[in-house]
Every structure is written in structure tokens, then in C-alpha cells.
Amino acid sequence: MNAQRDRLILAAIKCIAKKGVKGTSIADIWKEAGLSAGALYVHFENKDDLVAHCLRFELAPERGPPRTWAELKARMLDFNPKLGLDAATVTRARVHMRAECINPGELHDIGGKFLSQQLDDVAGWLDRMASEKLIGLRMSAQQTAAAICAHTDGMLWIALAIDRSLDESLPEISAALDKLVSLPDQN
């Protein structure tokens with residue numbers, strides 16, 4: 001059952017990357033997954049419920065918290081290729097889903113909670129790293145978490161918008177993230 005559910009989530013991410021949230025129909029998703037419409041409704045109440053699961057899926061919460069700054073940066077820039085999704089597809093889907101969360105409605109409520117939790121998680125990781133003297137914070141942990149997420153998403157979006165390779169952009173994004181904190185080897 002979980003394999004079917006994950007297949008539907010991956011299919012939804014692919015469809016949303018191509019057509020956006022509003023442009024993607026339930027039929028698009030179950031056809032992309034190679035399953036029946038009935039299979040979709042066994043796992044999800046409706047399209048908003050499925051999109052909410054897609055939002056949660058991207059964070060991969062089953063992983064433990066990153067222990068180091070390098071691990072945190074790697075997590076922010078990890079597109080989990082073992083799932084069969086390339087970085088461009090994941091980024092396009094992320095942009096579409098997060099953009100949809102700004103409109104009033106169920107996705108706003110669900111997406112807003114998800115994004116708040118993501119920021120709180122990142123801020124907590126940053127606070128712990130700062131208390132362990134692994135990094136120094138230049139602003140509050142919450143502000144730094146928001147800056148990390150905004151910078152990462154924004155630079156990925158820009159790369160796609162100007163047809164720049166994400167592989168080429170990732171090292172630059174990582175280097176810029178280093179400017180948001182002070183590292184022990186920096187003066």
C-alpha cells in the first residue's frame with residue numbers, strides 16, 4: 001500500500017512540475033502513476049490532500065536532524081535522485097506548490113503550517129549548532145532559517161527561469177549560504 005501511495009506522490013510531483021497545481025488534474029496524476037482513479041482515493045481524500053502530502057514528502061522527515069553545517073546545507077540542496085526525480089522537476093514542483101500556498105484556502109492552511117514547521121526545524125538545528133560552537137549566527141536562528149530557505153528556493157527558481165544548469169548553480173548556492181553564518185575557520 002505504501003508503494004502505491006509513494007507512486008502517486010511521485011506522479012503528482014511530476015505532473016505539478018509540468019502543469020502547476022491548478023493545471024494538474026486528478027486524472028493526470030493517476031495516469032502518470034499507472035494506477036486507477038480508485039487507487040488514488042484509497043490513499044488521499046482529494047487533490048489538496050495529495051498536494052499536502054507532496055509538500056511533506058519533499059522534506060523527508062524520516063531523516064534525523066543534521067549534525068553539522070555541511071549536513072544542513074547538503075539537506076537543503078538534496079533532491080533525492082534515488083526517487084527518480086531530477087533536481088529540475090523537484091524545483092519546479094516546489095515552486096508551484098509553494099506559490100499555491102499563498103492563496104487563501106486549504107493549501108494555504110496546510111502549506112503554511114508545513115513551511116512554519118520547516119522554518120522552526122531549521123532554526124532549531126541552527127540554534128543547536130550555534131550552542132555547540134559549530135557556527136556563529138549573524139542574526140536570529142529564525143531569521144537565518146528564513147534567509148536560508150528563501151535564498152535556496154530563489155536561486156533555484158532563477159536558475160530554472162534563465163535556463164541555467166542546476167548542477168552549475170548548486171555550488172554557488174552552497175557558497176552563498178556560508179555567508180549567512182560565521183564558520184569557526186573564518187575570522
Among all residues two or more places apart in sequence or in another chain, which pass the side-chain contact (heavy atoms from CB on, under 4.5 Å) test with A123? A141, Q142, A145

Is T152 reaching over with its side chain to a backbone N or O of C149, donor-acceptor style, under 3.5 angstrom? no

Can you list the residues that meet the side-chain hydrogen bond (donor to acceptor under 3.5 Å, both in side chains) rule with D48, with sequence neighbours excluded? none

Residues W30 and S36: closest non-hydrogen pair is CB-O, 3.8 Å

Is there a continuous path of hydrophobic side-chain contacts, each under 4.5 Å between heavy atoms, that joins L77 to L119? no

Mind checking side-chain hydrogen bond (donor to acceptor under 3.5 Å, both in side chains) for W69 and listing every partner two or more places apart, or none if nothing turns up? D178

Name all residues meeting the side-chain contact (heavy atoms from CB on, under 4.5 Å) criterion together with A99; count only those two or more places apart in sequence or in a different chain, and write none if there are none. none

With K19 via side-chain contact (heavy atoms from CB on, under 4.5 Å) - residues at least two apart: T24, D28

Run the side-chain hydrogen bond (donor to acceptor under 3.5 Å, both in side chains) test against K47 and tell me which residues pass, sequence neighbours left out. none

Should H53 and R5 count as side-chain neighbours, where that means a heavy-atom distance under 4.5 Å? yes

Distance-only check: which donor-acceptor pairs under 3.5 Å involve side-chain atoms of residues 158-166, not counting sequence neighbours?
{"from": "R164", "atom 1": "NE", "to": "E168", "atom 2": "OE2", "distance (Å)": "3.0"}
{"from": "R164", "atom 1": "NH1", "to": "S169", "atom 2": "OG", "distance (Å)": "3.2"}
{"from": "R164", "atom 1": "NH1", "to": "E172", "atom 2": "OE1", "distance (Å)": "2.8"}
{"from": "R164", "atom 1": "NH2", "to": "E168", "atom 2": "OE2", "distance (Å)": "3.2"}
{"from": "R164", "atom 1": "NH2", "to": "E172", "atom 2": "OE1", "distance (Å)": "3.0"}
{"from": "R164", "atom 1": "NH2", "to": "E172", "atom 2": "OE2", "distance (Å)": "2.7"}
{"from": "S165", "atom 1": "OG", "to": "D167", "atom 2": "N", "distance (Å)": "3.2"}
{"from": "S165", "atom 1": "OG", "to": "E168", "atom 2": "N", "distance (Å)": "3.2"}

Group every Ile, Leu, Val, Met, Phe, Trp and Tyr by side-chain heavy-atom contacts under 4.5 Å, then state whether L134 and M76 land in the same group. yes

Is it true that a side-chain atom of S174 and a backbone atom of L170 form a donor plus acceptor pair closer than 3.5 Å? no

Between CD1 of I16 and CZ of R94, what distance do you get to the nearest 0.5 Å? 13.5 Å

Got a sec, which residues hit side-chain contact (heavy atoms from CB on, under 4.5 Å) with A70, two or more places apart in sequence or on another chain? T68

Please round to the nearest 0.5 Å and tell me the distance separating atom CD1 of I9 and atom NZ of K14. 13.0 Å

Side-chain donor-acceptor pairs of residues 101-116 under 3.5 Å, sequence neighbours excluded:
{"from": "H108", "atom 1": "ND1", "to": "C101", "atom 2": "O", "distance (Å)": "2.7"}
{"from": "S116", "atom 1": "OG", "to": "G112", "atom 2": "O", "distance (Å)": "3.2"}

Ignoring hydrogens, what is the shortest heavy-atom contact between P65 and R75? Give both atom names and the distance. C-NH2, 4.2 Å

Quick one, L72 and L126 - any side-chain contact, counting heavy atoms below 4.5 Å? yes

Looking only at heavy atoms, what is the nearest atom pair of K133 and P184, with distance? O-CG, 3.9 Å

Does I13 belong to the same Ile/Leu/Val/Met/Phe/Trp/Tyr cluster as I26, with side-chain heavy atoms less than 4.5 Å apart forming each link? yes

Minimum-distance pair of heavy atoms, taken over all atoms of M139 and T144: CG-OG1, 3.3 Å

Measuring only between side-chain heavy atoms, which start at C-beta, is I173 closer than 4.5 Å to H151? yes

K73 NZ to D78 CG distance, which is reported to the nearest 0.5 Å: 14.0 Å

Given the rule in the side-chain contact (heavy atoms from CB on, under 4.5 Å) test, do L177 and I148 qualify, once you have shown the distances and angles that lead to the verdict? CA-CA 6 Å; L177 291 175; I148 289 169; 4.0 Å; yes

Do we get R98 above W157's six-membered ring, with its NZ or CZ under 6.0 Å from the centre and within 45° of the axis? no

Could you list all the salt bridge (Lys or Arg N to Asp or Glu O under 4.0 Å) pairs where at least one residue sits in residues 31-41, not counting sequence neighbours? K18-E32

Spacing of CG belonging to L137 relative to OG belonging to S182, to within rounding of 0.5 Å: 7.5 Å

Pairwise distance CG(D49) to OH(Y41) - rounded to 0.5 angstrom: 11.0 Å

List in chain and number order the residues that pass side-chain hydrogen bond (donor to acceptor under 3.5 Å, both in side chains) with E71, two or more places apart in sequence or in another chain; answer none if no residue qualifies. none

Can you measure from CD1 (I29) to CZ (R7) and round to the nearest 0.5 angstrom? 14.0 Å

